[in-house]
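Following: one structure in structure tokens, then a few remarks.
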Amino acid sequence: MANVPYKIYLSEDEMPKQWHNIQAVMPEVPGFLNPANGEPVPKEGLLGVFCAETIEQELNKTDEFIAIPDEIVSFYSMYRPSPVVRAYCLEKALGTPAKLYYKFEGNNTSGSHKLNSAAAQAYYAKKQGLTGVTTETGAGQWGSALSMACAFFGLDLVVYMVKTSSEQKPYRKVLMETYGAKVIPSPSPTTDVGQKILAENPGTGGSLGCAISEALETAAKSDGYRYVLGSVLNHVVLHQSIIGLEAKLALEKYDITPDIIIGCAGGGSNLGGLISPFMADKLRGKSGTEFIAVEPASCPSLTRGRYAYDHGDTGRMTPLIKMYTLGSGFIPSPNHAGGLRYHGMSPIVSKLFHDGHISAKSYTQTDVFQAAVMFARTEGTLPAPESSHAIKCAIDEALACKATGEEKTILFGLTGTGYFDMTAYQNFNAGEMNDYVPTDADLEKGFATLPQKC
Ligand SMILES: *Cc1c(COP(=O)(O)O)cnc(C)c1O
């Protein structure tokens with residue numbers, strides 16, 4: 001067997017031309033319910049909100065592989081395939097016998113994996129004849145990615161950006177505007193729901209849940225517009241499966257099967273996409289790979305949340321989704337620097353976690369930034385704070401191997417670059433970052449906002 005190089009590249013020709021739909025392999029993922037009567041939402045009920053093709057994908061539980069249209073393959077070819085990197089330098093610094101690999105998705109201007117779904121969703125919106133789309137963005141990566149994709153496919157875009165993030169990351173706004181998007185800090189006075197949230201909570205820094213409500217309302221009021229979401233939903237996990245398919249293909253060139261796969265989890269899209277084809281093997285009894293979701297201790301939907309039907313947004317405009325959730329009224333501490341601040345979790349990831357196929361861990365942000373700095377100083381790449389949750393967990397697993405002498409193979413998702421997170425790194429470097437872990441009483445307030453009926 002040849003030595004594994006630092007980077008395992010695929011050629012453009014080798015880039016997968018089909019996405020992997022884990023829904024076709026796993027036990028049934030519960031669908032949307034109508035909050036008014038608890039009945040399933042028919043497909044027609046979703047057409048006014050989402051793009052038609054993405055609804056088909058959302059509900060597709062039969063086709064394991066779905067063709068990627070040529071236009072999206074061309075777009076992907078501008079920045080994919082992305083490499084799998086062997087973290088030799090980090091392994092050495094840790095003195096671990098474990099073999100660490102990461103799949104790096106930060107090599108595009110938007111800086112994260114989000115472009116994989118942005119490209120697909122912008123393409124389908126344009127193909128459907130829409131004039132524009134609305135969306136929310138938290139830390140800003142999704143808004144940036146969608147701005148790039150909408151510029152490319154010729155669509156208008158309105159982005160509601162969580163207010164605290166827009167203050168912490170002013171250049172994200174400039175980036176989105178450069179690609180032609182209109183960016184509005186949320187909550188804002190431009191929507192009824194924004195006005196209501198501001199009246200109840202004048203000093204609020206906002207949340208993803210609020211921004212989603214505003215984006216939904218604006219899409220509903222604008223002709224030729226639909227709403228698009230950058231995480232959580234099944235079709236987003238489908239688009240992100242390109243990460244897992246490429247990683248699997250690259251590792252198979254060297255006969256490598258990971259013992260552990262680790263991903264950070266905000267809404268669950270990169271984790272779901274990274275593990276998708278590997279999980280299929282596991283569910284079919286073809287591998288014994290272990291899967292770990294990593295979340296911030298300040299927004300612990302898997303580790304401390306409830307598996308329940310909940311709204312996807314604070315304004316309670318979305319249908320009910322069965323997921324691990326902290327309640328749509330949960331607002332994470334404004335001290336929390338990274339993204340990963342959504343109250344819920346992908347229904348696919350939630351179901352796999354509930355069935356025991358994925359385990360979950362949470363870390364405080366100072367521990368996460370310590371891992372980020374170690375990674376930057378050894379591997380060179382400056383990681384996004386979100387991605388650093390996966391790094392922290394991979395380091396812990398590698399240190400556990402050091403203690404036992406096990407030579408486990410560990411793959412983790414390095415979802416993005418930290419170039420736009422200088423304020424957070426500055427706070428950490430100055431020793432001014434602190435950890436806030438919600439108390440049980442804090443969480444109870446969020447749970448009290450769960451719908452009572454379902
Ligand atoms: C958005 C984002 C995440 C979290 O989103 P998921 O849907 O859970 O993948 C993680 N890392 C980066 C860099 C992001 O931009």
Side-chain angles (χ1 to χ4, degrees), residues 82 102-118 121 135-148 159 161-162 165 169 172 175-176 208 211-212 228-244 261-276 291-296 299-302 312 323-324 332 336-350 352-353 358 360 362-363 365 368 372 375 381-393 412-421 424:
S82 72
Y102 57 90
K103 177 84 165 129
F104 184 44
E105 290 290 318
N107 264 334
N108 66 77
T109 296
S110 72
S112 82
H113 67 287
K114 299 256 175 22
L115 198 52
N116 301 329
S117 187
Q121 297 198 53
T135 198
E136 75 296 326
T137 196
Q141 287 94 320
W142 167 247
S144 305
L146 194 63
S147 303
M148 285 175 73
V159 181
M161 182 169 190
V162 177
S165 306
K169 299 170 135 192
R172 278 276 170 203
L175 180 66
M176 290 182 254
L208 267 178
I212 294 173
V228 299
L229 184 63
S231 183
V232 185
L233 298 178
N234 303 337
H235 64 270
V236 185
V237 172
L238 173 77
H239 303 151
Q240 295 300 354
S241 69
I242 187 93
I243 305 173
I261 302 181
I262 300 167
C264 62
S269 74
N270 87 82
L271 174 74
L274 174 66
I275 69 177
S276 196
F291 302 93
I292 309 176
V294 192
E295 57 187 15
C299 192
S301 44
L302 287 172
M323 58 184 176
Y324 275 83
H336 174 63
L340 312 181
R341 37 172 51 241
Y342 186 60
H343 67 273
M345 181 57 64
S346 140
I348 288 176
V349 170
S350 292
L352 290 168
F353 176 71
I358 299 179
S362 73
Y363 293 107
Q365 61 179 351
V368 166
F375 186 83
T381 299
L382 183 79
E386 293 88 343
S387 322
S388 305
H389 290 74
I391 297 174
K392 167 66 182 157
C393 181
F412 63 95
L414 189 71
T415 48
T417 161
Y419 275 150
F420 277 111
D421 298 279

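If you read the sequence from its start, that first residue is 1, and numbering goes on from there. Both counts, for ligands and for their atoms, begin at 1 and track the order of listing.
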Protein contact to atom 5 (O) of ligand 1 [nearest heavy atom, distance to 0.1 Å]: Lys114 NZ, 3.9 Å
Heteroatom proximity flag, Asn270 to ligand 1, N/O under 3.5 Å: yes
Side chain Thr417, main chain Gly111, donor-acceptor under 3.5 Å: no
Matching residue for Gln240 among Val237, Ile243, Leu238 - test: side-chain contact (heavy atoms from CB on, under 4.5 Å): Ile243
Any N/O pair Ser269/ligand 1 closer than 3.5 Å: yes
For Ser112, atoms of ligand 1 separated by under 4.0 Å from a heavy atom: 13 (C), 15 (O)
Atom 13 (C) of ligand 1: nearest protein contact (heavy atom, Å): Thr415 OG1, 3.2 Å
Per-atom contacts of ligand 1 with Ala265, taking only distances under 4.0 Å to non-hydrogen atoms: 8 (O)
Short N or O distance, Val232 and ligand 1, threshold 3.5 Å exclusive: no
Residue pair Lys169 / Met161: nearest heavy atoms and the distance that separates them: O-CE, 4.3 Å
Spacing of OG1 belonging to Thr135 relative to CE belonging to Met176, to within rounding of 0.5 Å: 10.0 Å
Flag, side chain of Thr137 to backbone of Gly143, donor-acceptor distance under 3.5 Å: yes
Closest approach of any protein heavy atom to atom 7 (O) of ligand 1, naming residue and atom: Ser231 OG, 2.4 Å
Side-chain donor/acceptor of Thr415 to backbone N/O of His113, under 3.5 Å: no
Side-chain H-bond candidate by donor/acceptor type, Ser144 with Ser110, under 3.5 Å: no
Under 4.0 Å to a heavy atom of Gly266 - the qualifying atoms of ligand 1, by number: 8 (O)
Test of proximity, Gly416 against ligand 1: N or O pairs below 3.5 Å: no
His113, portion touching ligand 1 at heavy-atom distance under 4.0 Å: side chain
Check: Tyr342 side chain, Gly312 main-chain N or O, donor-acceptor pair, under 3.5 Å: yes
Under 3.5 Å side-chain donor-acceptor pair for Asn270 and Glu386: no
Polar contact flag for Cys264 and ligand 1 (N/O pairs, less than 3.5 Å): no
Side chain, backbone, both or neither: the part of Leu340 lying under 4.0 Å from ligand 1 by heavy atom: side chain
